[in-house]
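Quick notes on the structure that follows.
Counting starts at 1 for both ligands and their atoms, in listed order. Not measured: the values here are computed from a predicted model.
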Amino acid sequence: MQLTQTLLLTILAASGIVCHKHQKTKKFEVEYEWTYINFTWKSETDYQNAINTKTYIPENNAISGFKFYKDSFYFALPRICSGTPVTLAYFSTKNTTPKTGPLLIPFPDWKTNDVNNPSCDKLVNVQSLEIDANGVMWVLDATRQTPSKCPPKLVLYDLNNKGKTVHTYIFPDDVCLHNGGFLNDIVIDDSDGTFAYIPDTSFIDPGLVVYSKTKNRAWKLRDASMFPEMKAADFVVNGDLVNKLYPIDGIALSPKVSSGSRRVYYSSLTGVKLYSIGTELLKNEKVFSGDGWRRNVEYVGTKQAQGDGMVMDNVGVLYYGLLPLDAVEKWNTNEPLKKAEIVDQNYKTMIWPDSFCFDSSGNLYVLADAIHRLLLTNCAFNSSQNYVKYRILKYFTGTQSYLYRAK
Ligand SMILES: *[C@@H]1O[C@H](CO)[C@@H](O)[C@H](O)[C@H]1NC(C)=O
Ligand SMILES: *[C@@H]1O[C@H](CO)[C@@H](O)[C@H](O)[C@H]1NC(C)=O
C-alpha cells in the first residue's frame, strides 16, 4: 500500500502534478562545511601571534556538538589536541555567505575561552550543549580526561539576555571524576521541575548522570547496560579501525506527552544495543541507593551498527548515526525497532555523524566531523591535507526537537 502510494506520488511529482509547498529534500544535503575551523580574530596581529606561539594550530580544532537557536548555530569545540584557543563558539546564519568555512565567534567572549585565564570561570573543555525552550543554553564544560585544576561544570547562559551566565553547577567527584570524567551529551526535561540527563563516557566510571536544577544536585546511575560491548568492538570507519572501548555515549529524550512518563534512550558508542529508562525513576534520587531500579532498565533492541549522537523529534522519531556505514537511521519509536530505516548514507560526506539538532522550520541537522581521526591518533594524523573535514548536513522532517510540544 505504502509502496504504491510512493510510486504514485513519484509519478505525479515527475509529471509536475504535485506541487510541494516546501522544497523538501529527500536526502541530507550539505549546508555548511569547513576544511579548518577558524575564528573571528580581534586583529591580524592577534591571529599571527596565535599562529606563531602555536596557541592556534588550525588542523587541531574540531567541533563535536552543536545546537541551533533563532538564527545561530552554537558549537562545542573539544580540546582534544593542543592549539585550540576556543571551546565554545557560534555563528549567525543570517549573515553567513559563503557557506564554506564560516568563521566562528567565541562565546561568550575570548577571555572566557582563554586557557591561560587563571580563573575557573573560564571554559576548560566543552563537549556538548543543549538550548532549552526558553533560550537558556546548557553548556557541559566537563571533559576532564587530562588533569585540570578546574572541576567539571555545567554553565547556563541566557541567550535572550545577551548570553548572561545565569547559573553554574560544579559536579562533585563522585558524580563526574575531576580527573577522568567525560560528560558527553545532554538532554533537558522540563516536566515536573527541570532536569538534565547526561551520559558520562568516562573510561574509569561510566554512567548516566541526572541533574536536578530545582534541587541543584546531581546523582549517577551505573549499570552494565552502560558499558562497552566487547562483541561490538573493533569497527572500521572510513578505512580507520576504531579499537578504543567507549561506554554510554548517545542519549535522547522522548517528547512531552499529556499523559505518561517520558523515556531516556541510550547506547554505548562501542555497542549496538539500545536501552531506555523512564524519567519518573531517574528523577527519584533515593531509588538509586538500592539495586531494585535495574529491573526498570529496558533493553529496546539492537541497532544495525555502532553510533555516536542521537536525537528525538517531538513526534517520537529517533535519529542516530551508524558509524561504520557513514549513515543516519531513523526509527519511529511507536513501531518495532526492526522497522528502522536508513535515511541517508554517504561515504564522502557523512563520515562520523556525531551530533544532531533541529531548527524551528522543520529541519534536522547532523554534524559529520570524522572526530575519530583526532581521537585515535592523538592528533598525529596527517591533518595538513586540504580536504573538507567538517560538515553540517540538512534534512527536512517537518518536526521539531523533543523540547517542543507537537502542534
Ligand atoms: C583564519 O581567519 C583569518 C581571518 O580572521 C585569516 O586571516 C586566516 O588566513 C585564516 N586562517 C586559516 C587557517 O583559515
Ligand atoms: C600529508 O599530506 C600532505 C598534503 O596532501 C602531503 O604533502 C604530505 O606528504 C603528507 N605527509 C605525510 C607525513 O604523509
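Note: Tyr404 and Phe358 fail the aromatic proximity criterion, with ring centroids not under 6.0 Å apart.
Relative orientation of the Tyr90 and Tyr74 rings is parallel, given thresholds of 30° and 60° on the angle between their planes.
With contacts defined as side-chain heavy-atom distances shorter than 4.5 Å, the pair Tyr395/Asp344 does not qualify.
Lys164 and Asp158 are not joined by a salt bridge, as no carboxylate oxygen comes within less than 4.0 angstrom of a charged side-chain nitrogen.
At the top of the distance list for atom 7 (O) of ligand 1, counting protein heavy atoms only, stands Glu44 OE1, 3.9 Å. When hydrogens are left out, the protein atom nearest atom 6 (C) of ligand 1 is Asn38 ND2, 4.1 Å; that is the closest non-hydrogen contact.
Of the options Trp34, Tyr47, Phe39, Trp41, the smallest heavy-atom separation from atom 13 (C) of ligand 1 is shown by Tyr47.
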